[in-house]
Participant: 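One structure, pasted below without further comment.
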Amino acid sequence: MGELLVQAWTVARKDLVLEFRTRTALISAVVFTALVLTVFNFGRDPTAVPTIDLAPTILWVTFTFAAMLALNRAFQLELENQALEGLLVSPLSRTSLYWGKLIANLVFVAVVEGVGLPLFVLFFDVPVGRVLVPLIGVIALATLGFVAVGTLFSALVIRTRFAELLLVVILLPFLVPPLIGAVQVTARLLGGRPLSEAVGYLKLLAAYDIVFVSLASFLFRFTVDE
Amino acid sequence: MGELLVQAWTVARKDLVLEFRTRTALISAVVFTALVLTVFNFGRDPTAVPTIDLAPTILWVTFTFAAMLALNRAFQLELENQALEGLLVSPLSRTSLYWGKLIANLVFVAVVEGVGLPLFVLFFDVPVGRVLVPLIGVIALATLGFVAVGTLFSALVIRTRFAELLLVVILLPFLVPPLIGAVQVTARLLGGRPLSEAVGYLKLLAAYDIVFVSLASFLFRFTVDE
Amino acid sequence: MSLAHKGRRITLVALVCVAAVYVRALAFTPVERLQGPAQKIFYLHVPAALWTEAAMILVGLAGTFYLFLKDPRLDRFAEASAEVGTVFATIVLTTGPIWGKPIWGTWWTWDARLTSTLFLFFLYVGYLLVRGAVRDPGLRARYAAVLGICGMCLVPFIHLSVFLFRTLHPQPIILKPSAPSLPSSMLATWLFSLTAFTLLYVGFVTQRYALSLARDAQRGGSPEAGPV
Amino acid sequence: MLSAEGLRHAFGEGRGQVVALDGVSFDLTSGQTLAIFGPNGAGKTTLLKVLAGLIHPQVGSVHVTGGRRAIGWIGHQSHLYEHLTVRENLLFWAALYGVPAARRGPRAAEVLGRLGMARRADQPVWSLSRGLAQRAAIAKALIHDPSVLLLDEPFTGLDLAAAAELRALLGELRVGGAAGGGRVLVLATHNVDEGVELATDVAFQRRGRFVHFAPRGGRGPAEIAEAYRRAVVDG
Amino acid sequence: MLSAEGLRHAFGEGRGQVVALDGVSFDLTSGQTLAIFGPNGAGKTTLLKVLAGLIHPQVGSVHVTGGRRAIGWIGHQSHLYEHLTVRENLLFWAALYGVPAARRGPRAAEVLGRLGMARRADQPVWSLSRGLAQRAAIAKALIHDPSVLLLDEPFTGLDLAAAAELRALLGELRVGGAAGGGRVLVLATHNVDEGVELATDVAFQRRGRFVHFAPRGGRGPAEIAEAYRRAVVDG
Ligand code: HEM
Ligand SMILES: Nc1ncnc2c1ncn2[C@@H]1O[C@H](COP(=O)(O)OP(=O)(O)OP(=O)(O)O)[C@@H](O)[C@H]1O
Ligand SMILES: Nc1ncnc2c1ncn2[C@@H]1O[C@H](COP(=O)(O)OP(=O)(O)OP(=O)(O)O)[C@@H](O)[C@H]1O
Ligand SMILES: [Mg+2]
Ligand SMILES: [Mg+2]
């Protein structure tokens with residue numbers, strides 16, 4: 001277990017160093033966030049649609065996109081000079097590979113969300129002050145779930161051609177439950193409703209995380225080749 | 001001029017054959033369209049926000065994303081085995097390269113939009129029947145403008161490192177006028193307002209197209225190396 | 001007197017003028033009835049906003065001439081103007097919200113003009129990033145010129161959106177077809193501050209231009225380059 | 001230490017099928033070096049990928065004493081991250097192969113020094129010329145001191161000095177350094193002149209088959225070349 | 001036909017700067033073949049990229065009679081689209097180089113046949129082995145029958161038969177085929193044995209400079225190798 005985490009961290013650190021050095025994906029994601037937020041603002045008629053009604057959806061579309069970027073990036077990176085071949089023939093267990101990528105992906109998505117959230121607050125002028133802690137909690141809960149599934153799938157498709165495409169297609173249905181949950185809870189929070197109203201969705205999110213994080217942790221060994 | 005177009009078509013056809021054979025970017029764009037549409041559908045509270053108010057924005061965010069994908073794809077493709085180096089040392093004029101990429105990009109974006117629009121109508125149940133022709137007209141008008149600028153810029157950044165990132169960053173401000181225009185006209189159309197109300201925006205879109213298509217056609221020769 | 005010296009001199013004069021504008025504004029210009037003292041920021045905000053746009057247009061013009069004349073001085077000027085424009089855009093983007101909070105009760109609003117300033121700022125950032133990414137000086141100048149020209153043409157489009165999109169932001173008071181609708185003492189102060197900012201622009205650009213000259217000289221006169 | 005049993009592998013299906021491996025078996029023990037010669041498309045790379053565990057053969061099996069950790073593989077691709085420096089790459093792979101943290105730095109320096117890359121250690125990989133990148137790839141494959149070395153045209157792009165150095169290095173490795181016993185080397189190339197001296201065993205591969213497989217005995221490059229011509233070119 | 005005048009080019013700046021070309025000048029006319037030998041990192045690839053017009057040298061200039069259309073360049077990369085077949089690639093490049101539509105098909109078949117790739121013509125490039133991909137790259141560079149050929153380690157990955165064939169082909173090209181006059185060839189490699197026979201002129205490059213540049217005269221591989229050792233290795 002210790003060994004496993006050490007190796008996972010080795011992989012994650014390498015990814016993060018590379019990402020930090022090139023910054024391509026990260027800045028793209030941040031710029032895209034700014035773009036989406038801007039476009040939404042110009043699209044709506046401020047008198048017709050109150051901000052609060054739209055904000056959660058916009059927030060989550062943006063975050064989902066950032067996550068997809070991260071997941072794609074995670075294995076695109078391994079294709080230069082076929083480093084992936086090197087990883088696969090090395091003694092690195094697929095488990096460590098999975099956890100390493102998961103950690104890197106979560107950090108990546110967290111950074112984008114960390115930049116996106118203030119932009120969102122600034123641009124939409126939504127009152128998050130009071131609900132900041134639960135809001136961050138929901139974001140973490142939903143993000144963990146779909147990044148975990150996405151990382152498993154990216155490990156799964158990583159050696160097929162058209163990995164990128166396959167990933168998007170197979171991940172799509174899995175995005176629906178966490179997204180619905182997240183949007184609904186965020187809407188309740190921003191609307192100033194008591195958290196108790198959202199308890200059903202919170203349970204959904206938590207259940208999803210528990211099921212899919214453990215499932216992924218159990219299943220990845222079967223994506224190992226032996 | 002004839003020679004120029006022949007060469008441009010050679011480049012465009014090659015791009016389209018490659019795209020058709022791998023389909024990665026195309027399907028990703030289509031799936032993304034479906035994803036965004038789905039998320040929006042689940043995200044909004046149908047009683048609070050009438051569909052019509054949201055639809056234009058959603059449509060255009062999706063289309064913009066598809067275009068960015070196309071523009072990125074356009075030169076990513078040339079990086080495998082450094083085919084780009086081959087193009088640059090060949091007698092192909094940069095003008096032809098520009099037009100070839102422009103044609104391929106427009107076809108690509110048109111296909112995505114052609115798939116996205118019916119999905120959009122299906123999911124959002126917006127009444128497009130009556131306004132279909134003007135709607136397609138607006139889509140064509142707005143798309144032409146930003147794809148033309150985007151293609152010029154992609155030729156500009158193509159040889160720098162971090163081309164992908166740079167493209168997103170420099171293109172962003174140029175997306176604003178066509179997007180605002182397109183969203184506003186689409187909103188008027190879907191809202192059943194007379195087209196005359198949108199005439200200002202239509203002029204804006206047309207002017208943008210005229211200015212930037214001619215500007216790009218004029219300027220690309222300076223991205224040629226001699 | 002070296003160019004850098006001259007630039008520093010002009011900047012100094014300009015800063016003194018800006019200070020003088022504020023002395024005048026705070027002490028001698030009437031407090032605006034509706035907005036109160038917050039309106040004082042106007043004298044910093046508006047000239048900076050005007051020069052943000054003007055600087056972009058000058059970048060584009062310099063680029064246009066560069067493409068035909070291939071004179072590296074034009075490219076140096078464009079670079080200097082873009083950097084100064086970025087600084088001015090930053091000033092607008094900071095003074096605007098500081099002003100907006102007491103007036104509108106919010107730091108930021110999706111007013112078209114605010115957004116257009118934001119995107120002008122992005123335009124500058126993109127322009128400077130492209131300059132940084134291309135190392136061959138000839139190529140860099142050419143690419144920068146192309147982007148600069150496109151940027152120049154974009155400014156009116158961004159501006160047009162102001163009139164098409166409903167807006168919270170004050171409509172033009174001074175630069176409008178009919179006569180300016182500003183009390184004359186305010187107008188005088190404003191004109192003075194505009195002069196101050198013009199000087200500030202000239203001073204900054206001169207300094208920045210001298211700096212790039214010095215940098216090229218330090219590299220031994222030979223054009224510095226590399227893989228693109 | 002390294003054995004292959006009835007390997008068969010084909011790419012594609014139907015009429016376009018290419019049989020890249022067709023009934024290859026062998027058994028190598030410590031100290032042996034198998035040189036595989038064969039024309040383009042003979043299946044050399046496919047064989048090495050199967051041995052490395054990257055391709056699962058459709059038929060047959062491979063056994064390597066020590067498992068993956070024991071293998072060092074130099075393929076057609078360098079497996080290096082372009083935006084890390086040479087040293088950073090080596091440290092990363094050393095960590096993955098379980099080299100103790102304290103040994104990684106010195107080991108990287110040692111391998112790089114040996115390959116004449118000491119001056120280049122802190123350059124990012126993207127700035128290396130082809131030959132220098134190949135040296136870095138060799139360093140990567142040797143970093144964990146593997147006991148089974150799979151070498152797929154390792155001399156590609158190397159200049160004369162580096163090629164000589166690599167030959168010397170491989171010679172030392174084969175018989176075993178200070179650390180312990182000898183190693184197993186498998187060297188694939190289409191050029192008989194390259195590395196014949198290193199070989200204890202020689203195989204000629206053609207259309208996925210070993211058309212010749214025997215100890216080198218005392219045969220020199222000229223004799224091997226002649227045998228190769230007879231078995232592969234004319235055969 | 002091909003002249004270079006005082007070429008100088010450096011990568012990077014400050015302390016990490018690498019001077020890849022340092023005052024290289026020459027002038028080649030039809031029928032001449034310049035073989036450039038040099039160790040890894042000497043700047044051979046950089047020189048060829050400058051000649052091909054891909055890199056603009058910081059100092060100096062290049063003149064090629066016939067411009068870009070006259071140049072065929074085999075670099076370290078194949079410039080082939082992985083998802084097109086070999087033939088589709090060739091037809092695409094032929095079109096770009098202005099080969100008349102009716103000539104493209106036959107010309108592609110001719111070049112491929114010559115390089116032993118006729119059977120592989122309809123395979124996608126991604127499915128080729130390294131040596132086969134190199135042959136396809138050579139075919140691509142020859143498709144428009146260039147009068148100036150820039151060859152950067154063209155023998156990489158080729159098997160003995162293909163290498164011999166390429167040598168023969170280059171020999172024919174140099175003196176001119178049926179179509180017309182001779183061509184100019186520039187061949188960069190670090191291996192003196194490779195292609196010395198083709199050369200009319202020999203240059204040794206080291207740290208961006210030509211430390212030796214003279215007609216080959218009657219010198220054979222052994223003499224050249226000796227001169228190389230003296231000028232580059234010991235020098
Ligand atoms: C972040 C916030 C803001 C930004 C980015 C911004 C941007 C600009 C820009 C770009 C201009 C020049 C427009 C032109 O050249 O026609 C301008 C002018 C002006 N701004 Fe702002 N502004 C902001 C906030 C405010 C606020 C809060 C007020 C006061 C209520 C204000 C009052 C004015 C006035 C009076 C002008 C002069 C209009 C004219 O004479 O043309 N601005 N602003
Ligand atoms: N992924 C693949 N898909 C389809 N065919 C393949 C694939 N990889 C290799 N082949 C085919 O298998 C055969 C053997 O390829 P391999 O790479 O093993 O040859 P090789 O002996 O290494 O040749 P070279 O000396 O050119 O490197 C070739 O005909 C090649 O075209
Ligand atoms: N893009 C680049 N950025 C920085 N340095 C570079 C770049 N390209 C090449 N170099 C450096 O320039 C020098 C010459 O490189 P070049 O590729 O021309 O060598 P070469 O003679 O072709 O070597 P090889 O035989 O290994 O292919 C090397 O030191 C290399 O590291
Ligand atoms: Mg091979
Ligand atoms: Mg080279």
Participant: Against chain B, label F68(C) side chain, backbone, both or neither, depending on which of its atoms sit under 4.5 Å from a heavy atom there.
Facilitator: side chain
Participant: Among A216(B), A207(B), P173(B), which residue has the highest count of heavy-atom pairs closer than 4.5 Å to chain C?
Facilitator: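 Ranked by heavy-atom pairs under 4.5 Å with chain C, first place is P173(B).
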Participant: Side chains of L175(B) and F119(C), heavy atoms from C-beta outward: is any pair under 4.5 Å?
Facilitator: no
Participant: Just so I understand: if I count every heavy-atom pair under 4.5 Å between each of L67(C), L120(C), L147(C) and chain B, which residue has the most?
Facilitator: L67(C)
Participant: Looking at K203(B), I'd like to know if its NZ atom is crowded, meaning that more than 12 non-hydrogen atoms belonging to other residues, nucleotides or ligands lie closer than 6.0 Å.
Facilitator: no
Participant: Do Y208(B) and L154(C) have side-chain heavy atoms sitting under 4.5 Å apart?
Facilitator: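 Contact flag for Y208(B)/L154(C) side chains = yes.
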Participant: If you define the side chain from C-beta out and look only at heavy atoms, does anything of I149(C) sit under 4.5 Å from F218(B)?
Facilitator: no
Participant: Are L123(C) and F174(B) side-chain neighbours, meaning at least one heavy-atom pair lies under 4.5 Å?
Facilitator: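 Heavy-atom side-chain distance check passes, below 4.5 Å.
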Participant: How long is the gap from CG on L152(B) to SG on C150(C), to the nearest 0.5 Å?
Facilitator: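 Between L152(B) CG and C150(C) SG, I get 5.5 Å after rounding to 0.5 Å.
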Participant: Quick one: closest heavy-atom pair of L156(B) and Y143(C), and the distance?
Facilitator: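 Smallest heavy-atom distance, with atoms named: O-CE2, 3.0 Å.
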Participant: How long is the span from the CZ atom in F157(C) to the CG atom in L205(B), to the nearest 0.5 Å?
Facilitator: 9.5 Å
